[in-house]
Amino acid sequence: MDYLKQISRGLFKVISLLVFLLFFGYYSFAQKSLSISYGLPKIDWTYDGNFDALRTDWRTGWSVNILGAKTYANNLTVGIEASVNRYGISFQFDRMRYDLGEIHHFSVLPYIGYDHKLAESRFSTQFNLGIGIGFIPVDNKYYVNDQTFQIRRLAGKDANGNPTSRPLYDLTFSGSQEARNRFFALIKPNVQLSYSLNEKSALFLRAALGISLSKSVLERDFPEVVFENENHSVLHTTNFSFSALELGYRYTLK
């Protein structure tokens, strides 16, 4: 993975230089635009260990992306995008799910792309590539004999007819959640279909991939999982690679 990081750093520097040169006047004609989009991103977790039933699951997600760009007479587009992605995650075992709150992921991506306008049509397609840096402000957490999955209980009676209560799942766990790389290199290729409303504004639909170059960004390691008096271990990992569908609006400033 080290060579991928070196490649990403090199590409990031090249694109940053292109953005600087093109934004500050190496072409006589350019259309400036500002875009905002709302997306539905999804991240995946990988699982290791010998207790596959205990999982960290992606639950819901959204993203807001703001892109400032210039498009030149040769249809070349350069810009910078700032994004915030929000993911809701849950901890799940069998039929029981426990919400773990939100994880936010921020990124800044210099962009380069090509805008192809379809003849005699209001539609256009764009092919873009962003390379930059992602960041997660996640606190490390530690769990000791956690009884999350003993909250749900089954009612019954003992031999004398007295009411009793026992956990639906006899499961406890100890371990940690740790951010392995709070900053990570991120590549975002995307394909965009735009529809021009008038000379100044357009709507667009974008399909995007976020490709993290880190092997692991966030880990949830539970070396001690006790289920019905048997010991197990699990490791849940995500590098914050994502797929997303975005709906947006672009306004031409000049």
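A quick note: this is a predicted structure, and the numbers were derived from the prediction, not measured. Position 1 is the first residue of the sequence; numbering continues from there.
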Can you hop from [X] to [Y] via hydrophobic side chains spaced under 4.5 Å?
X      : Y      : result
Val84  : Ile133 : yes
Leu209 : Leu247 : no
Phe204 : Val191 : no
Leu171 : Val226 : no
Leu34  : Ile36  : yes

Looking at every heavy atom in both [X] and [Y], which two are closest together, and how far apart are they?
X      : Y      : answer
Asp139 : Arg182 : N-NH1, 4.4 Å
Gly134 : Leu186 : N-CB, 4.4 Å
Pro41  : Ala244 : CA-CB, 3.8 Å
Gly175 : Pro223 : CA-CD, 3.9 Å
Asn181 : Val217 : O-CG1, 3.2 Å
Ala69  : Thr77  : CB-CG2, 3.9 Å

State which residues pass ring-ring contact (aromatic ring centres under 6.0 Å, His included) with [X]; sequence neighbours excluded, sorted by chain then number.
X      : result
Phe123 : Tyr195
Phe183 : Phe135
Phe173 : Phe91, Tyr143, Phe222
Phe51  : Phe93, Phe227, His232

Would you call [X] and [Y] a side-chain contact if the rule is heavy atoms closer than 4.5 Å?
X      : Y      : result
Ser83  : Ser107 : yes
Ile66  : Ser35  : no
Leu203 : Leu197 : yes
Leu54  : Val225 : yes
Ser63  : Asn65  : yes
Phe242 : Tyr87  : yes

What pairs with Arg206 under salt bridge (Lys or Arg N to Asp or Glu O under 4.0 Å), at least two apart in sequence or on another chain?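 So Arg206 forms a salt bridge (Lys or Arg N to Asp or Glu O under 4.0 Å) with Glu81, Glu246.
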Please identify each residue that fulfils salt bridge (Lys or Arg N to Asp or Glu O under 4.0 Å) with Lys42, with sequence neighbours left out.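 Counting only residues at least two positions away or on another chain, Lys42 forms a salt bridge (Lys or Arg N to Asp or Glu O under 4.0 Å) with Asp44.
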Test side chain to side chain contact (heavy atoms under 4.5 Å, CB included) on Asp146 and Thr172; report intermediate values, then the result. CA-CA 5 Å; Asp146 194 289; Thr172 61; over 6 Å; no
Show me the pairs that pass salt bridge (charged side-chain N to carboxylate O under 4.0 Å, His left out) and involve residues 103-115, at least two apart or across chains.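 Matches after skipping sequence neighbours: Asp115-Lys117.
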Can you list every salt bridge (charged side-chain N to carboxylate O under 4.0 Å, His left out) pair that touches residues 217-229, not counting sequence neighbours?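 Qualifying pairs, neighbours excluded: Arg180-Glu219.
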Sorted by chain and residue number, the side chain to side chain donor-acceptor pair (under 3.5 Å) partners of Arg55 (sequence neighbours excluded) come out as Asp52
Who clusters with Tyr142? Use side-chain heavy atoms, under 4.5 angstrom, across I, L, V, M, F, W and Y, and order the result by chain and number.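 Its cluster partners, ordered by chain and number, are none at all.
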Any chance you could lay out the side chain to side chain contact (heavy atoms under 4.5 Å, CB included) test for Thr237 and Ser216, step after step, and finish with the verdict? CA-CA 6 Å; Thr237 304; Ser216 174; 3.3 Å; yes
Could I get the full list of side-chain contact (heavy atoms from CB on, under 4.5 Å) partners for Thr238, not counting sequence neighbours? Ile43, Trp45, Leu218, Phe240
Tell me, please, which residues at least two apart from Asn128 pass side-chain contact (heavy atoms from CB on, under 4.5 Å). Tyr111, Gln126, Asn190, Gln192
For the pair Ile80 and Leu109, evaluate side chain to side chain contact (heavy atoms under 4.5 Å, CB included) and give the outcome as yes or no after the intermediate values. CA-CA 6 Å; Ile80 298 178; Leu109 303 168; over 6 Å; no
When you look at OH of Tyr98, are more than 12 heavy atoms from neighbouring residues, nucleotides or ligands closer to it than 6.0 Å?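 It does not: Tyr98 OH has 12 such atoms or fewer within range.
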Side chain to side chain contact (heavy atoms under 4.5 Å, CB included) evaluation trace for Leu205 with Leu245: CA-CA 7 Å; Leu205 184 66; Leu245 191 64; 4.2 Å; yes
